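Below, chain A is the first sequence line, B the second, and so on; all start at residue 1. Only a predicted model underlies this, so the values are computations on that prediction, with no experimental measurement involved.
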Amino acid sequence: MMETHAQYVDYLPTKEKQETSQELEDTAQQQQILYQKAMNQEQPSVLQQRSTVSKGKYTLNDFQIMRTLGTGSFGRVHLVRSVHNGRYYAIKVLKKQQIVKMKQIEHTNDERRMLKLVEHPFLIRMWGTFQDSNNLFMVMDYIEGGELFSLLRKSQRFPNPVAKFYAAEVVLALEYLHFNNIIYRDLKPENILLDRNGHIKITDFGFAKEVTTVTWTLCGTPDYIAPEVIATKPYNKSVDWWSLGILIYEMLAGYTPFYDTTPMKTYEKILHGRVTYPSFFNSDVVDLLSKLITADLTRRIGNLQNGTQEIKSHPWFSEVVWEKLLSKDIETPYEPPIVSGVGDTSLFDQYPEERLNYGIHGEDPYEALFTDF
Amino acid sequence: MAITSDQKNEIDLFHKQVEIENPSDIIQFGANYFNRRLELQRGFIKKQENFALSKGISLFPNDMAQDPMSTTHRSSSAVNFKSPFVDQDPHSIHSGPHSNNSSSEPFKSNFNVTTESKKRINSPMDPSQSNDDPSAGSNFKRSSPHPSNLSPIPVHFNAERRTSVSGETLQPGNFDDWTPEHYKEKSEEQLKRLEKSIGKNFLFNKLDHDNKRLVINCLEEKHVPKETVIIKQGDQGDYFYIVEDGNVEFIVNDAKVSSSGSGSSFGELALMYNSPRAATVIATSDCILWALDRLTFRKILLGSSFKKRVLYDDLLKSIPVLKSLTTYERAKLADALDTKYYEPDQVIIKEGDVGENFYLIEYGECQVTREDKGLLTTLHKGDYFGEVALLNDLPRQATVTASKKTKVATLGKSGFQRLLGPAVEVLKLNDPTRSSRE
Ligand SMILES: Nc1ncnc2c1ncn2[C@@H]1O[C@H](COP(=O)(O)OP(=O)(O)OP(=O)(O)O)[C@@H](O)[C@H]1O
């Protein structure tokens, strides 16, 4: 049985069909096999073949909206519960007006398109989208373990093997995205969620984009932006490898290498490019980081002739059995202390709730801009 | 949950201060008060730490998680991790609790990230403790199983969640019939002065001469009377300003932080993307300002970056030895090109040397000479030389000298090979110049 993505999405959380989680996992495994095959055979991207029929398939009435899980620049993410199967999901709500004001129409449409396309154990899964006259809604799996960010701040730093575990899962996710010509552009601990077993799920595809040659837009998160982006050069996948370096650094050190009191000062430091490695960093990781956090694109590992392979075979990752990791067959360093399946949100920070204006269907000046939703 | 005595103390202190000052805006007052308090406290800790260090004592053997003043405001107990790769790790040397194989440890029940820490270190941070008591830190062990815990997180690191930023998506391909709205040629004297004003800023110092002048000619003159609020903290910013004449004052959270006059500039971040202003700027005299908006700036920058990109791509395509590269490989090469400048008479490559780099001329003029034959040819914008070095170790066949100020894009053999690896072998095989040389 080979599922296309469209069929895949035809399941939960609609009224007619229900699916056990076992079946879901089976399908996920199928997808993995497909992807692994593709990786080995250098086949053209499997993404193109997927359709995008999940638009407007849900409505607000299918969900009971609960607390806010996180907020971003354009809206917020709610915990919701399907009124049909009682399961929990996360819905990201984006305010159209805000998107238009911040001139992020293209990024938003890209986000939807990319989320719809990708299918990977370490990437968030989107079920579908819908809209009302003021907002866009994206239905995703609810990932209960909270942000890697919160875990990192609580522990201040991760021990070497723990940082390595999360970094390795991120490498696989980026490898998959890049293989499909998608750059992610916003790697940071805030965008990495932990599932109930402690595996990562990368969320927030707000800047993800399909790029075959180069792109130009300045975006990301100040501490994590690569020098070529700041310098208004054309850029591609190499920027994600730079950010991976920053992420590993932050996990091990507890802070980022170029932080400063203002973004402008941070950018200046990034362009200057001097990194100080704390003495407790192990020498393998310093070697890896010096090859990731480099402005010289002929030295940035991941961007070179052997691509991701070179990162995966770096000595720092020598203990990692990549195939096992991809099939989640490696014990996670931390299992989030949650009661799973009951909408436990104890690992998410509290955010002030707003009066909701969801579900209004009236005049919509932006109707033409978001027809994919 | 009952609050601790430390927490109570802090609240009481604040309470007293409120009673004394009776502020009308309690939130603003509170924010200012605690900022000051934080600063004081931090300064104090720093002093304590330095003092102790000078006595050979390490005050913070446990990490800053224990720091009650930690900026993270999170519960501060340590997380117990399992070691994910423990059975695979051939050199499992990670000592201490983190490497405990979890099978011997009921991990889940053991783990207490969300619970409050039982106890925290008190004495080193205790403001009531005398500054010059060398025993302050003596009850802490100097070594810890985790050396990483020895160094504290820098206090200025922003430990809060960070929001993403993004500029407008511009398609640089279609700026050709775009002309900047406020283009107005400046006098030579103005140009010089303005160039100096923006010179140090990284946003401008990478611009080449022509683009710098273009940017300056796009500056729009603005006259603002004394007391005008030029930008307001928290507002979305679209403009960057240079003060031509007059004085301005910077205000953060209602407190004056600095002031400046002619030649100074502010609001640079607005040239990168839309984000809230970090300060309010007020004219303290009648001012003449130059303003530049982001769209104009980015279009100039992107336009030039794009033209350069097209130039590189066309050039790389036209080079016979690089013919068999794919579009993607060519893009990778173009991304990695480095810019260099040469003054007239400067030698770029020398006959007989072993070649390493290849060069594309972006502008300028170079002369190609040979010891035995003299001047062979003159190269201009769009010409390239030294490409043979990318594939072979042959000595340079000629000397190339800049005859005017010249800008080149260059790439070395080693970088070339790191980027393309096996493709290099293919190139060698397909090298159309090969037979002619062998
Ligand atoms: N599927 C999910 N399950 C649980 N929590 C989630 C999920 N998706 C997002 N969140 C939470 O909501 C937060 C904000 O989501 P997201 O980053 O997608 O929003 P955004 O508006 O794009 O934010 P930003 O401004 O950082 O780009 C996340 O950091 C995370 O804490």
Could I get the full list of side chain to side chain contact (heavy atoms under 4.5 Å, CB included) partners for A/Glu190, not counting sequence neighbours?
A/Glu147, A/Phe149, A/Lys188, B/Arg161, B/Arg162
Which residues share a side chain to side chain contact (heavy atoms under 4.5 Å, CB included) with A/Lys103, sequence neighbours left out
B/Glu168
Counting only heavy atoms closer than 4.5 Å, note whether [X] contacts chain A via side chain, backbone, both or neither.
X        : answer
B/Lys332 : side chain
B/Ser164 : both
B/Leu269 : both

Of the backbone (N, CA, C, O) and the side chain (C-beta and beyond), which part of [X] lies under 4.5 Å from a heavy atom of chain B, both, or neither?
X        : value
A/Asp223 : side chain
A/Leu271 : side chain
A/Glu268 : both
A/Tyr224 : side chain
A/Asp186 : side chain
A/Ala253 : backbone
A/Asn306 : neither

Are [X] and [Y] close enough that some pair of their side-chain heavy atoms sits under 4.5 Å apart?
X        : Y        : value
B/Ser166 : A/Thr217 : yes
A/Asn303 : B/Leu419 : yes
B/Tyr312 : A/Pro234 : no
B/Phe157 : A/Asp260 : no

Do side-chain atoms of B/Ser305 reach the backbone of A/Thr232 as a donor and acceptor pair under 3.5 angstrom?
yes
Answer yes or no: does atom NZ of B/Lys413 have more than 12 heavy-atom neighbours from other residues, nucleotides or ligands under 6.0 Å?
yes
Specify which of B/Asp335, B/Thr327, B/Asn274 makes the most heavy-atom pairs with chain A at under 4.5 Å.
B/Asp335
